[in-house]
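One structure is given below, encoded as structure tokens.
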Amino acid sequence: MQTSQLPTIARSLIREELLSPDRAEQCLTESKNAGLSFIRYLATNDVLKEADLLRVASDEFGVPYFDLDALDRESIPKEQIKEELLRKHHALPIYKRGHKLFIAVSDPTNMKALDEFKFATGLSTDAVLVWENKLGSLIDNVIDEASSSVFDDLEDEGLEGIDIGEDIPASDDGVAVGEDDAPIVKYVNKLLLDAIKRGASDLHFEPYEKEYRVRFRMDGVLVQVASPPNNLASRLAARLKVMSQMDIAERRIPQDGRMKMRLSKNRAIDFRVSSCPTLFGEKIVLRILDPSSTTMGIDMLGYAPDQKELFISNIKKPQGMVLVTGPTGSGKTVSLYTALNILNTPEVNISTAEDPVEFNFKGINQVNVNPKAGLDFSAALRSFLRQDPDIVMVGEIRDLETAEIAIKAAQTGHLVLSTLHTNSAPETLNRLVNMGVAPYNIAGTVNLVIAQRLARRLCSKCKKQVALPDEALIEAGFQENELGNLEVFEPVGCPSCVGGYKGRVGLYQVMPVSDGISRIIMEGGNSIQIADQAKKENIPDLRRSGLDKVKEGVTSLAEVHRVTTD
């Protein structure tokens with residue numbers, strides 16, 4: 001191809017010695033094959049440096065260029081955001097002055113974008129040249145923000161905004177019929193959006209004889225957020241059951257369901273839903289399944305450096321068992337998923353049995369146990385052992401059969417991750433013995449036991465230092481040599497937090513099964529003896545882990561007392 005047949009921008013780049021004629025020719029051919037303009041192809045594939053391409057393109061087409069990193073996001077005219085146009089033309093209005101709209105584009109030859117924005121908004125349009133990758137990221141963020149604010153106008157709108165009308169006659173199944181459900185739909189959506197924005201983990205819809213309440217669990221504590229009229233109970237339950245694909249005609253037995261709330265093209269939130277018939281109607285509980293919690297990384301979980309090192313070194317062993325223990329809601333699932341994220345590589349076969357599967361992971365074979373169909377944890381485990389696994393995760397060891405199969409898997413060259421419900425790491429080993437597992441099997445296969453709790457973090461904006469007498473600090477568990485420089489903080493409360501707390505942090509007892517602990521197990525020792533041995537080996541218990549977080553100013557002494565025992 002002759003140079004004269006290349007686009008003018010290509011010839012300019014050649015003149016400036018930023019592209020060779022052969023490379024320009026190759027890029028032109030590949031851009032046509034990809035269905036992209038020449039300029040957009042160069043930017044998408046990072047053929048040239050950002051500054052060079054923007055400068056030459058700006059001079060060639062007489063369009064000013066702009067660095068989106070310097071953009072004041074508040075200047076974006078939200079009322080002109082039309083997702084269809086943004087996606088279609090890969091262009092974004094970034095500023096409005098009078099009757100003129102400035103459109104950020106990565107391709108100055110895209111005149112059709114300016115024309116369509118002009119037609120849609122009734123404003124005159126001018127192009128501003130920006131870098132392709134930054135523009136794509138900004139468009140996604142703007143669309144997400146616009147979509148998330150769909151229900152913002154409901155923020156100050158209570159139940160008065162819902163026209164419930166007179167009592168509607170019920171059908172045979174007890175569900176009200178003949179009403180316009182739009183207000184109920186809007187109200188439920190408002191509650192779901194509020195829960196997501198406020199960082200709640202669960203929503204409780206609870207009917208009582210003379211009242212109805214809605215509560216959010218935020219940072220592990222339930223907070224009442226609404227009290228709709230009691231005669232809305234059946235309508236709210238019906239709406240939630242329809243959304244989660246339950247049988248709305250069945251109100252006599254518990255049901256489980258799932259639903260997905262799509263906030264935008266790129267953001268969706270899953271909910272696990274449970275209904276339970278109570279004395280005055282159905283209580284509905286929704287668990288918010290936030291995918292970001294499983295990918296936050298081990299550094300965000302709150303492990304001390306030595307605990308983190310123990311955790312990583314043991315999950316990377318080729319065989320054996322790692323157990324995580326704690327009550328419901330203590331973050332055991334997040335710990336297991338964090339381990340799986342670290343271990344998930346193309347070289348290993350990972351299989352999980354969960355009840356239920358909360359998050360879908362690429363590259364991991366996940367099984368939803370179904371006891372009614374005969375697929376329980378033990379059946380899933382037996383199947384896994386015939387599937388050439390490297391790593392197996394069992395949601396929970398509940399019985400002897402599951403425990404024995406998990407032990408067998410750990411003894412035959414597999415890494416097994418699982419959970420139990422006990423109060424501390426030493427008690428976990430005793431629990432396995434009480435189930436009927438042979439002590440020598442426990443001593444020979446369990447590599448690490450992690451007990452954990454979740455404590456609320458103090459709000460960094462309003463926490464204040466408090467003076468406590470030395471006697472109280474020593475009684476709480478601090479040593480005398482710690483009191484000199486010890487600073488203890490307490491919650492205050494501000495608009496940015498809930499009661500002085502914002503977010504949660506993990507408290508951990510990370511106990512490797514050492515030779516000393518193995519000996520106690522083999523000799524039939526109890527959890528007290530195991531705990532004493534762990535103390536001799538300088539393994540901090542949950543209370544000590546909590547006190548360390550108090551010393552760091554992360555949480556309060558009252559919160560540590562709440563979630564741990566002496």
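Quick caveat: nothing in here was measured; it's all calculated off a predicted structure.
- Judged by distance alone, the side chain of T125 and the main-chain N or O of L114 form a donor-acceptor pair under 3.5 Å.
- Counting heavy atoms of neighbouring residues, nucleotides and ligands inside a 6.0 Å radius, atom CD of Q245 does not exceed 12 of them.
- Checked against the 6.0 Å centroid threshold, Y337 and F361 count as a close aromatic pair.
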Steps toward side chain to side chain contact (heavy atoms under 4.5 Å, CB included) verdict (K308, V510): CA-CA 9 Å; K308 173 185 169 183; V510 182; over 6 Å; no
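- Judged purely by atom type and a 3.5 angstrom limit, K332 uses its side chain to pair as donor or acceptor with the backbone of G326.
- Between the side chains of N368 and D355, no donor-acceptor pair of N or O atoms lies under 3.5 Å.
- No hydrogens or angles considered: nothing links the side chains of K186 and N189 as a donor-acceptor pair under 3.5 Å.
- Taking a cutoff of 4.0 Å between a charged side-chain nitrogen and a carboxylate oxygen, R456 and D219 do not qualify as a salt bridge.
- Taking every heavy atom of both residues into account, P93 and F117 meet most closely at CG-CE2, 3.6 Å.
- Listed for the D67 side chain is no donor-acceptor partner under 3.5 Å among the backbone atoms of A70.
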Verdict with reasoning, I139 to H90, per side chain to side chain contact (heavy atoms under 4.5 Å, CB included): CA-CA 8 Å; I139 287 174; H90 199 67; 4.1 Å; yes
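- The backbone N or O of S330 lies less than 3.5 Å from a partner atom in the side chain of Q452, making a donor-acceptor pair.
- The main-chain N or O of K100 is never found under 3.5 Å from a side-chain atom of R97 such that the two would form a donor-acceptor pair.
- When atom types are taken as modelled, the side chain of S75 and the backbone of I94 share a donor-acceptor pair closer than 3.5 angstrom.
- No donor-acceptor pair closer than 3.5 Å links the side chain of S244 to the backbone N or O of R272.
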Evaluation steps, side chain to side chain contact (heavy atoms under 4.5 Å, CB included), between V273 and I284: CA-CA 7 Å; V273 188; I284 311 287; 3.7 Å; yes
Derivation of the side chain to side chain contact (heavy atoms under 4.5 Å, CB included) call for L343 and L415: CA-CA 11 Å; L343 298 170; L415 178 67; 3.9 Å; yes
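- Across all non-hydrogen atoms, the minimal contact from A24 to I14 is CB-CD1, 3.9 Å.
- With salt bridges taken as basic N to acidic carboxylate O contacts below 4.0 Å, none links D247 and K241.
- Here the CD1 atom belonging to I391 is positioned 8.5 Å from the CD1 atom belonging to I315, to the nearest 0.5 angstrom.
- Two residues are said to be in side-chain contact when any heavy atoms from C-beta on lie closer than 4.5 Å; I350 and D390 fail this criterion.
- Scanning both residues, L19 and L42, for their nearest heavy atoms gives CD1-CD2, 4.4 Å.
- Counted within 6.0 Å of CD on E309, heavy atoms from surrounding residues, nucleotides or ligands total 12 or fewer; the atom is thus considered open.
- Looking at heavy atoms from C-beta onward, N365 lies in side-chain contact with S351 at the 4.5 angstrom threshold.
- Taking CD1 of I269 as the reference point, atom CG of L286 lies at 12.5 Å (rounded to 0.5 Å).
- At least one side-chain heavy atom of V367 sits less than 4.5 Å from a side-chain heavy atom of L375.
- Nearest heavy atom pair, residue G553 against residue L458, reads O-CD1, 4.0 Å.
- The distance from atom NZ of K260 to atom CZ of F271, rounded to the nearest 0.5 Å, is 10.5 Å.
- Under a 4.0 Å N-O distance rule, the pair D69/K134 qualifies as a salt bridge.
- Looking at E354 and Q366, their side chains come closer than 4.5 Å, going by heavy atoms from C-beta outward.
- At distances below 3.5 Å, at least one donor-acceptor pair connects side-chain atoms of R457 with backbone N or O atoms of R504.
- The 12-atom threshold is exceeded at NZ of K317, counting heavy atoms of other residues, nucleotides or ligands nearer than 6.0 Å.
- Of all non-hydrogen atoms in V105 and A91, the two that sit nearest each other are CG1-CB, 3.8 Å.
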From CA spacing to verdict: side-chain hydrogen bond (donor to acceptor under 3.5 Å, both in side chains), Q255, S274: CA-CA 6 Å; Q255 295 185 64; S274 172; over 6 Å; no
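- Distance CG/L323 to CD1/I450: 9.0 Å, rounded to 0.5 Å.
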Show me the donor-acceptor pairs, under 3.5 Å and distance only, between side chains in residues 380-388 and residues at least two apart or in other chains.
| unit_1 | atom_1 | unit_2 | atom_2 | d |
| --- | --- | --- | --- | --- |
| R382 | NH1 | E401 | OE2 | 2.7 |

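- Side-chain contact between L101 and P77: present, with at least one pair of heavy atoms (C-beta onward) separated by less than 4.5 Å.
- For Y303, the ring-ring contact (aromatic ring centres under 6.0 Å, His included) partners are F311, Y508, not counting sequence neighbours.
- Of the residues listed (K190, R198, K197), the one engaging D194 in a side-chain hydrogen bond (donor to acceptor under 3.5 Å, both in side chains) is K190, and it is the only one.
- A donor-acceptor pair under 3.5 Å links the side-chain atoms of H414 to the main chain of A409, judged by distance alone.
- Residues L138 and L68 are in side-chain contact: their nearest non-hydrogen atoms beyond the backbone lie under 4.5 Å apart.
- No donor-acceptor pair under 3.5 Å is formed between the side chain of T555 and the backbone N or O of K549.
- For the atom pair R287 CZ and R217 CZ, the distance stands at 8.0 Å (nearest 0.5 Å).
- What you find for N344 and G363 is that their closest heavy atoms are OD1-O, 3.6 Å.
- Note that CG of L301 is 5.5 Å distant from OG of S335, once rounded to the nearest 0.5 Å.
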